[in-house]
Amino acid sequence: MDYVAEPIPEGYTGYVEEEHHHDYAGDTVFGFWVYILSDCILFATLFAVFAVIGENYYGAPDAHELFELDYVLGETALLLFSSFTFGMAMLAANVDNMRGLLQWLGATWLLGFGFLVMEVNEFIHFTHEGAAAWSSGAWSAFYGLIGTHGLHVFAGMIWMVFLVFQLRQGGLTMKNRTRLMCLSLFWHFLDIIWICVFSVVYLMGVM
Amino acid sequence: MSEHSPGGAAHGSVKEYVNGLLLSLVLTAVPFAIVMSGAVSGPAAVGVVLLCAVGQVFVQLIFFLHMNTSSEQMWNVTSAVFVVVLVAILIVGSIWIMNHLNHNMLMGH
């Protein structure tokens, strides 16, 4: 059979970007979403490790002796309200209210900072009580899981500082809106991970 | 919700965020109250804690992350469902295998 070449369409360059570059921001946000999903797998492995060796205390104090649920409730509240204030920041950004955006981001940052201070304080307290990261398999799994979440919160706070500088310099450009959208996904995601942490590690730990 | 930003993510409204916050507060208060008061114990308490956790994850996905089943979000939701399957295999599989291993090694039994 004879092969008949199709006529090349008008404006065809062979590069996919030529056809899709208008959707650049959407691709970025979707790509970031895929990163967050891959982070879910990271946390899933840490939860699996905790589920498997989370009770191998090897003589170190156990969860019943150390966990204080009202303290954890405080941490939970800080993170939940920070997720809400980030939502308010997004609404301010949608109506081009730069002042409101920066104020809500500031509130979010302070709530995140409060959460981290409480968490580090808890780690120091536990370590003094004999439950250090190197004391037993259970505590290694505990610090591995919760420390990784805390590092993510810390990274989000650094990112927020940089984003505020970028917003003050460039205003609410399309690029900055995309960055803001990615950080908001990241921040809400961290609160969702924390729901699993307080339910599985703290609440089920003292049962 | 009519407006959508890049990536199929919807914008949301104050009402939506407030509703999400209130539901999250309830779904946080219930498991903490049950465990701290000791009103319910055993498998029932585990069940309530897990149900509230799953409920709150969905509340935040819907009210804070504005996930829905619209066509703009098809790839976001499809990829998320795929990851949920991976996470389930990872966690359930690990617990299952290691329990059998412990059992065969006569550890703790």
Side-chain angles (χ1 to χ4, degrees), chain A residues 23-34 36-41 43-45 47-49 51-53 55 69-70 72-73 76-77 80-81 83-88 90-91 93-94 174 177-178 181-182 184-185 187-189 191-193 195-196 198-200 202-207, chain B residues 3-9 11-14 16-18 20-21 24-25 27-29 31-32 34-36 38 41-42 45-46 49-50 52-57 59-61 63-66 72 75-76 79-80 82-84 86-95 97-99 101-102 108:
Chain A
D23 198 26
Y24 164 74
D27 286 349
T28 306
V29 174
F30 178 65
F32 194 77
W33 177 246
V34 173
I36 283 179
L37 293 175
S38 75
D39 231 18
C40 281
I41 297 174
F43 278 106
T45 59
F47 271 106
V49 169
V52 169
I53 63 168
E55 301 206 334
L69 288 186
D70 41 1
V72 180
L73 189 57
T76 305
L80 175 58
F81 278 104
S83 209
F84 174 76
T85 53
F86 208 123
M88 293 295 105
M90 292 304 287
L91 292 182
N94 289 344
M174 199 61 207
R177 279 179 205 276
T178 306
M181 186 75 211
C182 290
S184 95
L185 288 179
W187 200 261
H188 291 312
F189 158 73
D191 193 36
I192 289 175
I193 295 293
I195 298 169
C196 305
F198 80 68
S199 300
V200 173
Y202 288 100
L203 291 181
M204 286 167 66
V206 298
M207 267 182 203
Chain B
E3 257 190 303
H4 284 85
S5 55
H11 276 327
S13 63
V14 177
E16 211 182 352
Y17 281 110
V18 171
L21 178 68
S24 295
L25 284 174
L27 288 170
T28 303
F32 269 95
I34 279 176
V35 176
M36 286 169 85
S41 60
V46 174
V49 168
L50 288 181
C52 287
V54 172
Q56 194 178 167
V57 168
V59 163
Q60 298 207 0
L61 285 175
F63 290 87
F64 289 174
L65 288 167
H66 316 298
E72 293 97 332
W75 286 110
N76 297 22
S79 50
F82 172 63
V83 167
V84 168
L86 284 188
V87 166
I89 293 172
L90 247 168
I91 293 180
V92 177
S94 299
I95 294 173
I97 292 170
M98 295 312 289
N99 269 344
L101 187 69
N102 283 349

Practice prompt. Name all residues meeting the side-chain contact (heavy atoms from CB on, under 4.5 Å) criterion together with A:M207; count only those two or more places apart in sequence or in a different chain, and write none if there are none.
Written response: A:M204, B:V35, B:A45, B:V46, B:V49

Worksheet item: Among A:A48, A:C40, A:S38, A:G87, which residue forms the greatest number of heavy-atom pairs with chain B at distances under 4.5 Å?
Response: A:G87

Response to the item:
dist B:F32:CZ -> A:F198:CZ (nearest 0.5 Å) comes out at 5.0 Å

Worksheet item: Distance from A:I53 atom CD1 to B:N102 atom CG, nearest 0.5 Å?
Response: 11.0 Å

Fill in: Distance (rounded to the nearest 0.5 Å) between B:L65 CG and A:I192 CD1
5.0 Å

Worksheet item: Rounded to the nearest 0.5 Å, how far apart are CZ of A:F43 and CD1 of B:I91?
Response: 12.0 Å

Worksheet item: With ring centroids as reference points, do B:F64 and A:F86 lie under 6.0 angstrom apart?
Response: no

Fill in: B:L90 to A:A44 - nearest heavy-atom pair and separation
CD1-CB, 4.0 Å

Worksheet item: With only heavy atoms counted, which part of B:L50 is less than 4.5 Å from chain A, the side chain, the backbone, both or neither?
Response: side chain

Practice prompt. Heavy atoms only: give me the nearest B:L21-A:F81 pair and the separation to one decimal.
Written response: CD2-CE2, 3.8 Å

Fill in: Spacing of OG1 belonging to A:T76 relative to CD belonging to B:Q56, to within rounding of 0.5 Å
8.5 Å

Worksheet, complete the sentence: The interface call for A:V72 against chain B, heavy-atom contacts under 4.5 Å, is both

Discussion item. I'd like to know which of B:V54, B:V83, B:L61 tops the heavy-atom pair count under 4.5 Å against chain A.
Written reply: B:V83

Worksheet item: Residues in ring pair (Phe, Tyr, Trp, His ring centres under 6.0 Å) with A:F32, at least two apart?
Response: A:Y35, A:W159

Worksheet entry | Smallest separation among heavy atoms of B:Q60 and A:H188, with atom names | OE1-O, 4.2 Å

Worksheet item: Of all of A:V200, A:I41, A:I195, which one pairs up most often with chain B through heavy atoms under 4.5 Å apart?
Response: A:I195

Practice prompt. Heavy atoms only: give me the nearest A:C196-B:V57 pair and the separation to one decimal.
Written response: SG-CG2, 4.4 Å

Worksheet item: Which atoms of B:L86 come close to chain A, meaning under 4.5 Å heavy atom to heavy atom: side chain ones, backbone ones, both, or neither?
Response: side chain

Fill in: Heavy-atom side-chain proximity of A:L73 to B:T28 below 4.5 angstrom
yes

Worksheet, complete the sentence: In terms of heavy-atom contacts, A:L91 and B:V14 come closest through CD1-N, 3.4 Å

Discussion item. Please classify the contact between B:S79 and chain A as side chain, backbone, both or neither, with a heavy-atom cut-off of under 4.5 Å.
Written reply: both

Discussion item. Angle between ring planes, B:Y17 versus A:F84, binned at 30° and 60°: parallel, tilted or perpendicular?
Written reply: perpendicular

Worksheet item: Given the options A:V34, A:I36, A:V206, A:D191, which has more heavy-atom pairs under 4.5 Å with chain B than any of the others?
Response: A:D191

